[in-house]
Amino acid sequence: MFAYEHCAYTDGMSTIEPLLAGRRAVITGGARGLGYAMAKAIAASGASIALLDRLDTVESAAARLADETGADAIGVNVDVTDEASVESAFDAVTARFGTADILVNSAGMTLGAPAIDTEVADWNRLFEVNVAGTFLTSRTFARAFVAANAGLPGAERGVASIVNVSSMSAFAVNIPQTQAAYNTSKAAVSMLTSSLAIEWLPLGIRVNAIAPGYFASDMTRDFVAENPDMAEAWISKIPSGRMGQPDELGDLVVYLASERSAYVVGQSFRIDGGYTVV
Ligand SMILES: NC(=O)c1ccc[n+]([C@@H]2O[C@H](COP(=O)([O-])OP(=O)(O)OC[C@H]3O[C@@H](n4cnc5c(N)ncnc54)[C@H](O)[C@@H]3O)[C@@H](O)[C@H]2O)c1
């Protein structure tokens with residue numbers, strides 16, 4: 001068993017750049033949207049990076065990321081709800097870089113439907129992707145990390161960090177759209193984050209989450225295009241007066257992935273322009 005010294009405060013305020021040099025990161029949902037933006041920040045901080053996504057564009061996204069950041073990057077097709085697919089994707093990552101020590105779970109989907117009209121099959125599919133998918137990739141990552149560190153003396157053991165992507169919808173019912181399934185799934189992601197954080201801290205794996213408000217990603221762009229009055233309704237309720245830009249998540253994800261946040265455990269950080277505090 002690993003020990004709690006992984007939470008030690010080591011570095012004070014000194015600046016050692018790049019923060020993630022030598023680390024090996026996996027980002028699910030990394031082919032586009034917030035996942036790609038966070039991958040870019042992590043790659044720019046020195047980590048090797050694997051984008052995992054079900055989109056066929058995942059390999060070209062990884063090539064673009066390598067061009068933009070100079071990082072060693074690969075793209076791997078995966079369905080985060082399929083155990084065999086997730087295991088084979090992690091095998092591909094290990095073969096290329098060695099065992100991953102950063103995981104960002106950004107793969108997710110939404111379902112905008114009144115609860116009264118929601119079919120159980122649609123509810124279950126959303127939970128499969130947002131909740132079970134996050135669990136499955138986290139478990140696969142943790143098993144590989146623990147196996148790679150087994151038997152090593154304390155000083156040689158690695159540290160690992162998981163950053164889940166929850167939502168402000170875990171904490172507030174954002175209107176006017178109706179999305180009970182999505183809101184509930186993201187509350188589950190935040191509780192999964194806290195639960196795994198406590199269970200896995202002794203293994204050297206810290207788990208936290210980012211809970212974004214409205215960000216201008218590929219997902220929300222499609223939604224706003226289909227519902228043009230929606231952006232106006234959203235923005236009118238955001239104290240900062242605008243939606244977030246995907247690259248505004250970069251510093252937070254790098255911080256949570258790095259040992260600068262060694263004493264931060266099981267938290268879901270809202271980054272929402274103040275939406276949930278009014
Ligand atoms: N955009 C926002 O305003 C916002 C706000 C709060 C939370 N989020 C969350 O952030 C995350 C990223 O959202 P986004 O806005 O970038 O959306 P997006 O649709 O642009 O990206 C999601 C990615 O996940 C991938 N994905 C979906 N299901 C998958 C599966 N089964 N296996 C593998 N990959 C799969 C998609 O292919 C896509 O590339 C999601 O979890 C979302 O719920 C987004």
Side-chain angles (χ1 to χ4, degrees), residues 26-40 50-62 64-65 75-90 103-112 124-137 140 163-172 174 177 179 181-190 192-193 209-225 227 230-231 234-235 237-238 240 242-250 252-253 268-273 275-276:
V26 172
I27 321 281
T28 73
R32 69 175 207 176
L34 305 187
Y36 184 83
M38 290 188 281
K40 203 168 155 186
L51 305 182
L52 269 53
D53 205 294
R54 70 176 174 190
L55 293 178
D56 291 339
T57 51
V58 67
E59 285 179 33
S60 56
R64 180 156 50 97
L65 187 70
V76 185
N77 257 121
V78 75
D79 178 348
V80 297
T81 68
D82 180 318
E83 198 163 352
S85 166
V86 170
E87 282 170 5
S88 105
F90 273 85
L103 170 65
V104 179
N105 280 307
S106 191
M109 61 174 287
T110 187
L111 174 65
N124 286 346
R125 177 63 191 158
L126 182 132
F127 267 70
E128 225 182 338
V129 175
N130 292 3
V131 187
T134 298
F135 166 69
L136 181 53
T137 52
T140 308
V163 183
N164 292 326
V165 181
S166 176
S167 170
M168 70 171 176
S169 306
F171 304 99
N174 42 312
Q177 69 276 26
Q179 47 177 34
Y182 180 80
N183 297 350
T184 312
S185 77
K186 290 302 183 175
V189 169
S190 282
L192 177 65
T193 299
I210 294 177
Y214 290 118
F215 274 73
S217 71
D218 302 280
M219 183 196 261
T220 46
R221 252 191 299 275
D222 291 349
F223 185 72
V224 167
N227 305 272
M230 210 44 101
W234 289 351
I235 289 166
K237 292 179 182 300
I238 304 171
S240 293
R242 65 176 176 84
M243 290 173 70
Q245 292 303 315
D247 62 8
E248 292 184 275
L249 299 175
L252 183 55
V253 77
S268 286
F269 287 88
R270 302 179 207 186
I271 176 163
D272 63 5
Y275 192 100
T276 53

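Note that ligands are numbered from 1 as they come in the structure, with each ligand's atoms numbered from 1 the same way.
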What do you reckon, does T28 put a non-hydrogen atom under 4.0 Å from ligand 1? no

Tell me, which protein residue and heavy-atom name are nearest atom 37 (O) of ligand 1, and how many Å apart are they? D53 OD1, 2.6 Å

Measure the distance from atom 19 (O) of ligand 1 to every protein heavy atom, then report the residue, atom name and distance (to 0.1 Å) of the closest one. R32 NH2, 2.6 Å

With a 4.0 Å cut-off on heavy atoms, is G133 in contact with ligand 1? no

Once you measure the plane-to-plane angle for Y275 and Y214, does it fall in the parallel (<30°), tilted (30-60°) or perpendicular (>60°) bin? perpendicular

Taking only residues two or more places apart in sequence, or in another chain, which ones meet E248 in a side-chain contact (heavy atoms from CB on, under 4.5 Å)? F215, R242, Q245

Do any heavy atoms of M109 fall under 4.0 Å from ligand 1? no

Could you tell me which residues satisfy side-chain contact (heavy atoms from CB on, under 4.5 Å) with V86, sequence neighbours excluded, listed by chain and number? V78, F90, L136, T137, T140

Per-atom filter on ligand 1: closer than 4.0 angstrom to a heavy atom of D79 are 30 (C), 31 (N), 32 (N)

Verify the distance criterion only: is there a donor paired with an acceptor across the side chains of N164 and T134 at less than 3.5 Å? no

May I ask you to identify the nearest protein heavy atom to atom 9 (C) of ligand 1, giving residue, atom name and distance to one decimal place in Å? V165 CG1, 3.6 Å

Side chain, backbone, both or neither: which applies to S166 and ligand 1 if a contact is any heavy-atom pair less than 4.0 Å apart? backbone

How far is atom 23 (C) of ligand 1 from the closest protein heavy atom, and which atom is that? G29 CA, 3.7 Å

For ligand 1, note which part of K186 has a heavy atom under 4.0 Å away: side chain, backbone, both or neither. side chain

Below a 4.0 angstrom heavy-atom separation, can you tell me which part of T220, side chain or backbone, both or neither, approaches ligand 1? side chain

May I ask whether Y36 has any heavy atom positioned less than 4.0 angstrom from an atom of ligand 1? no

Which protein heavy atom lies closest to atom 3 (O) of ligand 1, and at what distance to 0.1 Å? F215 N, 2.8 Å

